[in-house]
There are 2 protein chains.
Amino acid sequence: MNIDKINEVRQFNRFYTRTLQLTNKYHLGTGLTVLESRLLLEIYENKLQTANELVSLLEIDKGYLSRVLKSLEKRGYIEQTIDNLDKRSKLLTLTTLGHNTLNTINKRADQQVDQLFSKLSDQEMDQVISAMDFIRNKVDLD
Amino acid sequence: MNIDKINEVRQFNRFYTRTLQLTNKYHLGTGLTVLESRLLLEIYENKLQTANELVSLLEIDKGYLSRVLKSLEKRGYIEQTIDNLDKRSKLLTLTTLGHNTLNTINKRADQQVDQLFSKLSDQEMDQVISAMDFIRNKVDLD
DNA sequence: ATACTTAGTTGACAAAAACAACTAACGACA
DNA sequence: TGTCGTTAGTTGTTTTTGTCAACTAAGTAT
């Protein structure tokens with residue numbers, strides 16, 4: 001690929017890193033970290049049920065994840081129950097507290113996204129979303 | 001904004017977080033961290049000359065930055081010389097080693113970007129870049 | 001001269017994450 | 001059924017990364 005194009009992509013990457021950094025503040029005040037929020041989201045919305053699936057998706061150390069999950073459990077956000085079909089695994093579910101907290105976090109994250117594009121017309125917003133979809137379809141993560 | 005649109009943006013954000021995570025491996029083997037690489041890049045390519053400017057741009061703690069810069073200096077990647085026009089500030093410059101290392105890192109980062117889009121035609125690639133430019137222009141970071 | 005602000009440093013500490021060694025359960029198969 | 005390689009998750013130890021506050025020295029304004 002042409003070097004100018006590569007540089008444009010890298011510039012975008014730096015720009016979007018900053019954007020993500022600014023919007024990743026939704027968890028503030030909830031007592032959860034960004035990672036913990038993400039875990040609740042993945043467990044609930046994407047129906048990930050085991051630590052192992054979370055490790056693959058998020059590419060984090062399993063030892064570290066084990067501790068974070070233990071802490072979430074101890075603080076009452078999730079439950080881990082042994083899977084009877086494979087007693088090595090534990091099935092992850094949100095408690096009511098976990099679910100309520102996720103709702104709060106989601107509301108805040110929604111607001112932050114909203115703010116990010118607050119000055120755009122409906123039409124421009126649609127174009128932004130199309131642009132995002134396009135990029136998502138073209139990036140090759142393998 | 002409509003909740004579906006917000007969710008599409010949030011999905012993109014999660015997707016792009018993963019993309020950045022995967023491409024942010026260019027520093028491996030160089031002995032520098034992602035942050036240190038970024039600092040060299042900003043000092044050299046964007047001509048940022050003081051710690052203070054880096055603090056504003058990257059929004060990191062000045063105490064932390066001070067230590068990272070000290071370490072970069074000690075390891076021979078940068079020089080910090082007192083600014084005669086304002087003796088509180090130090091002007092940052094890359095050493096030859098710093099410059100060479102940045103070149104290596106840049107080459108690797110370029111390769112990673114290239115790989116990310118390796119299956120695209122020239123036309124598709126141009127469309128991706130347009131999409132990125134569009135998003136960059138529409139996001140409101142204030 | 002005084003008081004306020006700013007650039008950068010340092011100490012103390014906490015949070016986040018990496019790494020390796022370990023246990024228990026599973027799966028395959030002779 | 002027993003044994004061997006693999007897999008899910010745990011735990012101890014350590015390093016890396018980052019926060020916070022107090023501090024110094026230089027600049028700015030009045």
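Convention: sequence-line order gives letters A, B, ...; per-chain numbering from 1.
Between the side chain of B:T50 and the backbone N or O of B:S89, no donor-acceptor pair lies under 3.5 Å. Here the side chain of B:N137 pairs a donor or acceptor atom with the backbone of B:D133 at under 3.5 angstrom.
In this structure B:Y26 satisfies the ring pair (Phe, Tyr, Trp, His ring centres under 6.0 Å) test with no other residue, sequence neighbours excluded. Evaluation of the salt bridge (Lys or Arg N to Asp or Glu O under 4.0 Å) rule for A:R38 yields A:E42 as partners, not counting sequence neighbours. With sequence neighbours excluded, the residues that form a side chain to side chain donor-acceptor pair (under 3.5 Å) with B:S71 are B:R75. Residues satisfying the side chain to side chain donor-acceptor pair (under 3.5 Å) criterion with B:K90, sequence neighbours excluded, are absent altogether. For B:D86, the side chain to side chain donor-acceptor pair (under 3.5 Å) criterion is met by B:R88, not counting sequence neighbours.
For B:L32 and D:dT16, the CG to P distance is 14 Å, given to the nearest whole Å. Across the protein-nucleic acid pair, B:D61 atom CG and C:dG11 atom C1' stand 13 Å apart, rounded to whole Å. Here D:dT10 presents its P atom at 12 Å from CG of A:L54, a figure rounded to the nearest Å. For the pair A:I60 CD1 and D:dT17 P, the interatomic distance rounds to 17 Å; values are reported in whole Å. Here C:dT23 presents its C1' atom at 16 Å from NZ of A:K87, a figure rounded to the nearest Å. Distance A:L92 CG to D:dT10 C1': 14 Å, rounded to the nearest Å. Residue A:E59 contributes atom CD, which lies 17 Å from atom C1' of C:dC19 at whole-angstrom precision. A straight line from CG of A:L57 to C1' of D:dA8 spans 17 Å, rounded to a whole angstrom.
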Taking only distance into account, with no hydrogens and no angle test, what donor-acceptor pairs under 3.5 Å do side-chain atoms of residues 115-122 of chain A form with protein atoms, sequence neighbours excluded?
unit_1	atom_1	unit_2	atom_2	d
A:S118	OG	A:Q115	O	3.0
A:K119	NZ	B:D140	OD2	3.2
A:S121	OG	A:E124	N	3.1
A:S121	OG	A:E124	OE1	3.4

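End-to-end axis angle for the helix from C:dA1-D:dT30 to C:dA30-D:dT1, using five pairs per end and rounding to 10°, comes out at 20°.
Each salt bridge (Lys or Arg N to Asp or Glu O under 4.0 Å) pair with one or both residues in residues 45-68 of chain B, not counting sequence neighbours, appears once here: A:R18-B:E59.
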N/O-N/O pairs, protein side and nucleotides 2-9 of chain C side, under 3.5 Å:
unit_1	atom_1	unit_2	atom_2	d
C:dT6	O4'	B:R88	NH1	3.3
C:dT6	O2	B:R88	NH1	2.7
C:dA7	OP1	B:N52	ND2	2.5
C:dA7	OP2	B:N52	ND2	3.3
C:dG8	OP1	B:K90	N	3.3
C:dG8	OP2	B:N52	N	2.5
C:dG8	N7	B:K62	NZ	3.1
C:dG8	O6	B:K62	NZ	2.9
C:dT9	OP1	B:K90	NZ	2.9
C:dT9	OP2	B:S66	OG	2.4
C:dT9	O5'	B:S66	OG	3.2

